[in-house]
**Student:** 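A single structure is presented below for examination.
Chain letters run A, B, ... following the sequence lines, proteins first, then strands; residues in each count from 1.
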There are 2 protein chains.
Amino acid sequence: MVLVMDATPRLREQACFALYTASRAVIGLYRPMLDRLGLTYPQFLVLMALWESDGLTVTELGDELQLDSGTVSPLLKRLEAGGFVERRRESDDERRVTVHLTEAGAALESRGCEITQVVGEASGMSYGELIALRDKLNEFTAAIHDRQSTTE
Amino acid sequence: MVLVMDATPRLREQACFALYTASRAVIGLYRPMLDRLGLTYPQFLVLMALWESDGLTVTELGDELQLDSGTVSPLLKRLEAGGFVERRRESDDERRVTVHLTEAGAALESRGCEITQVVGEASGMSYGELIALRDKLNEFTAAIHDRQSTTE
DNA sequence: GCTCATTAAGTTGTGCACAACTTAGTTGTG
DNA sequence: CACAACTAAGTTGTGCACAACTTAATGAGC
């Protein structure tokens with residue numbers, strides 16, 4: 001194997017591009033299924049976080065999804081308008097807003113679970129392969145976040 | 001190992017979420033470096049495609065990047081405004097528009113190559129590991145696109 | 001009690017993505 | 001030639017992402 005490190009980087013040889021494309025592809029697979037529930041993929045992620053632990057604050061949700069308040073705030077606004085969640089200004093600290101599932105939002109849990117199954121199967125990978133890929137990706141993300149904080 | 005397939009899907013256990021997060025993380029690593037060149041990550045991808053083969057049509061670029069004309073057209077408009085590319089309406093088929101690097105756009109090739117090197121190193125993975133990850137991701141994307149076309 | 005730094009959430013502006021649509025040019029068939 | 005079907009690029013509208021900023025509430029130190 002020859003490493004031609006100083007050649008022009010080709011699009012299809014780049015791991016980063018493969019990542020970008022794979023991410024969009026899987027979200028595209030979710031789309032028609034989530035459409036039927038009236039959700040987008042990021043909205044679905046919020047619900048997943050709340051099914052696991054209802055009543056998170058906006059900041060906690062952002063930490064969970066790796067998104068800042070500029071993304072999460074309007075996302076929650078739309079989820080609230082859709083009747084999936086409710087926002088409550090906390091009385092012990094008026095800066096904090098906790099997010100709670102409505103009955104409709106909680107009721108989607110089993111349908112949501114089914115959807116993740118279908119997507120997993122469509123990947124053409126075994127459960128073990130998916131776990132391995134997930135762990136490799138999380139390792140990759142962690143390495144990048146480390147580099148981010150040290151070099152700046 | 002126990003497979004609890006009917007349990008609530010947990011965010012951090014999902015390969016799809018790992019993919020979504022990893023993709024955003026790597027683009028975030030590119031951002032400050034590309035900022036210095038006056039580029040965004042998708043704009044950088046367009047230039048990579050053109051460094052490899054200048055004069056592609058809008059549709060060919062879209063095929064290469066897996067993006068439709070609704071995304072590519074405004075992207076090219078901004079790249080043209082930035083002085084990186086030039087669009088030419090073809091005279092033999094007036095529907096077609098070919099995209100050509102300007103001198104400034106072509107001149108970024110070596111800087112762009114350096115940036116991909118730096119990002120690759122920041123991943124904390126060896127060259128071989130990155131290749132393996134890339135191939136796994138492309139396999140994943142291909143399986144999903146197959147499923148998309150068969151099940152509609 | 002006051003002031004100032006900090007924190008939480010939200011707002012504004014830019015640039016993707018993508019669906020749905022429009023416009024204009026080309027091609028195939030009668 | 002006529003005209004319908006098709007194709008290429010672009011436009012419009014919605015919803016993320018993210019940087020930069022604003023507003024409001026809290027807490028620490030004096």
Side-chain angles (χ1 to χ4, degrees), chain A residues 17 20-32 34-36 38-46 56-63 65-82 84-85 87-99 145 148 152, chain B residues 17 20-32 34-36 38-46 56-63 65-82 84-85 87-99 145 148 152:
Chain A
F17 178 63
Y20 164 73
T21 300
S23 177
R24 285 191 297 117
V26 76
I27 291 173
L29 185 57
Y30 271 107
R31 189 168 294 112
L34 293 178
D35 263 354
R36 261 169 253 142
L39 293 171
T40 65
Y41 184 67
Q43 288 168 12
F44 181 62
L45 294 180
V46 170
L56 294 173
T57 65
V58 173
T59 301
E60 285 164 347
L61 266 171
D63 289 347
L65 308 186
Q66 304 282 327
L67 293 168
D68 71 0
S69 69
T71 301
V72 174
S73 282
L75 195 49
L76 292 174
K77 211 174 181 177
R78 286 184 285 269
L79 274 172
E80 191 166 43
F84 301 105
V85 305
R87 281 186 289 183
R88 283 188 219 136
R89 185 68 64 172
E90 290 299 294
S91 55
D92 63 327
D93 184 344
E94 294 270 341
R95 290 172 305 178
R96 304 174 125 232
V97 168
T98 53
V99 185
H145 284 156
Q148 286 277 57
E152 168 93 17
Chain B
F17 178 63
Y20 164 76
T21 301
S23 176
R24 284 169 34 239
V26 75
I27 291 174
L29 185 57
Y30 270 106
R31 189 167 293 113
L34 292 178
D35 262 354
R36 261 170 252 143
L39 293 171
T40 64
Y41 184 66
Q43 288 168 12
F44 182 62
L45 294 180
V46 169
L56 293 173
T57 65
V58 173
T59 301
E60 286 165 348
L61 267 171
D63 289 347
L65 308 186
Q66 303 282 330
L67 293 169
D68 72 1
S69 69
T71 302
V72 173
S73 283
L75 195 50
L76 292 174
K77 210 173 179 177
R78 286 183 286 268
L79 274 172
E80 190 166 43
F84 301 105
V85 304
R87 280 186 290 184
R88 283 187 218 139
R89 184 68 65 171
E90 289 301 293
S91 54
D92 63 328
D93 184 344
E94 294 269 341
R95 291 171 305 178
R96 303 175 121 227
V97 169
T98 54
V99 186
H145 283 156
Q148 286 277 56
E152 173 86 19

**Student:** Could you say whether A/Arg89 or A/Gly28 is positioned toward the 5' end of DNA chain C, judged by the nucleotide with the nearest heavy atom to each?
**Tutor:**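 It is A/Arg89, whose closest nucleotide lies nearer the 5' terminus.
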**Student:** Phosphate oxygens OP1/OP2 of D/dA17: is one of them under 4.0 Å from a side-chain N or O of A/Gln66?
**Tutor:** no
**Student:** Does any N or O in the side chain of A/Arg88 come within less than 3.5 Å of the main-chain N or O of A/Thr98, such that one atom is a donor and the other an acceptor?
**Tutor:** no
**Student:** Should the pair A/Tyr30 and A/Tyr41 be assigned to parallel (<30°), tilted (30 to 60°) or perpendicular (>60°) ring geometry?
**Tutor:** tilted
**Student:** Between the base of C/dT26 and the side chain of B/Arg95, is there a donor and acceptor pair under 3.5 angstrom?
**Tutor:** no
**Student:** Name the residue closer to the 5' end of DNA chain C, choosing between A/Thr98 and A/Arg24 according to the nucleotide with the nearest heavy atom.
**Tutor:**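 It is A/Thr98 whose nearest nucleotide is closer to the 5' end.
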**Student:** Please determine whether a side-chain nitrogen or oxygen atom of B/Arg31 lies at a distance below 4.0 Å from atom OP1 or OP2 of D/dA17.
**Tutor:**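 For D/dA17, neither OP1 nor OP2 has a side-chain N or O of B/Arg31 closer than 4.0 Å.
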**Student:** Can you tell me if the side-chain N/O atoms of B/Ser73 get under 4.0 Å from OP1 or OP2 in D/dG10?
**Tutor:** yes
**Student:** For A/Ser69, answer base if it contacts any base atom (sugar-phosphate contacts may also be present), sugar-phosphate if it contacts only those atoms, and nothing otherwise; contact means non-hydrogen atoms under 4.0 Å.
**Tutor:**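 Base contact - A/Ser69 has a heavy atom under 4.0 Å of at least one base atom.
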**Student:** Between B/Arg78 and B/Gln43, is there a donor-acceptor pair closer than 3.5 Å when you use the side chain of the first and the backbone of the second?
**Tutor:**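 No, the answer is negative, given that no donor and acceptor are paired below the 3.5 Å cut-off.
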**Student:** Within the structure shown, what part of the strands sits under 4.0 Å from A/Asp93 by heavy-atom distance: base, sugar-phosphate, or nothing?
**Tutor:**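 The answer is sugar-phosphate, as A/Asp93 gets under 4.0 Å only of primed atoms, P, OP1 or OP2.
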**Student:** Would you mind classifying the nucleic acid contact of B/Ile27 as base, sugar-phosphate or nothing, using non-hydrogen atoms under 4.0 angstrom?
**Tutor:**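 The residue B/Ile27 makes no contact with any strand.
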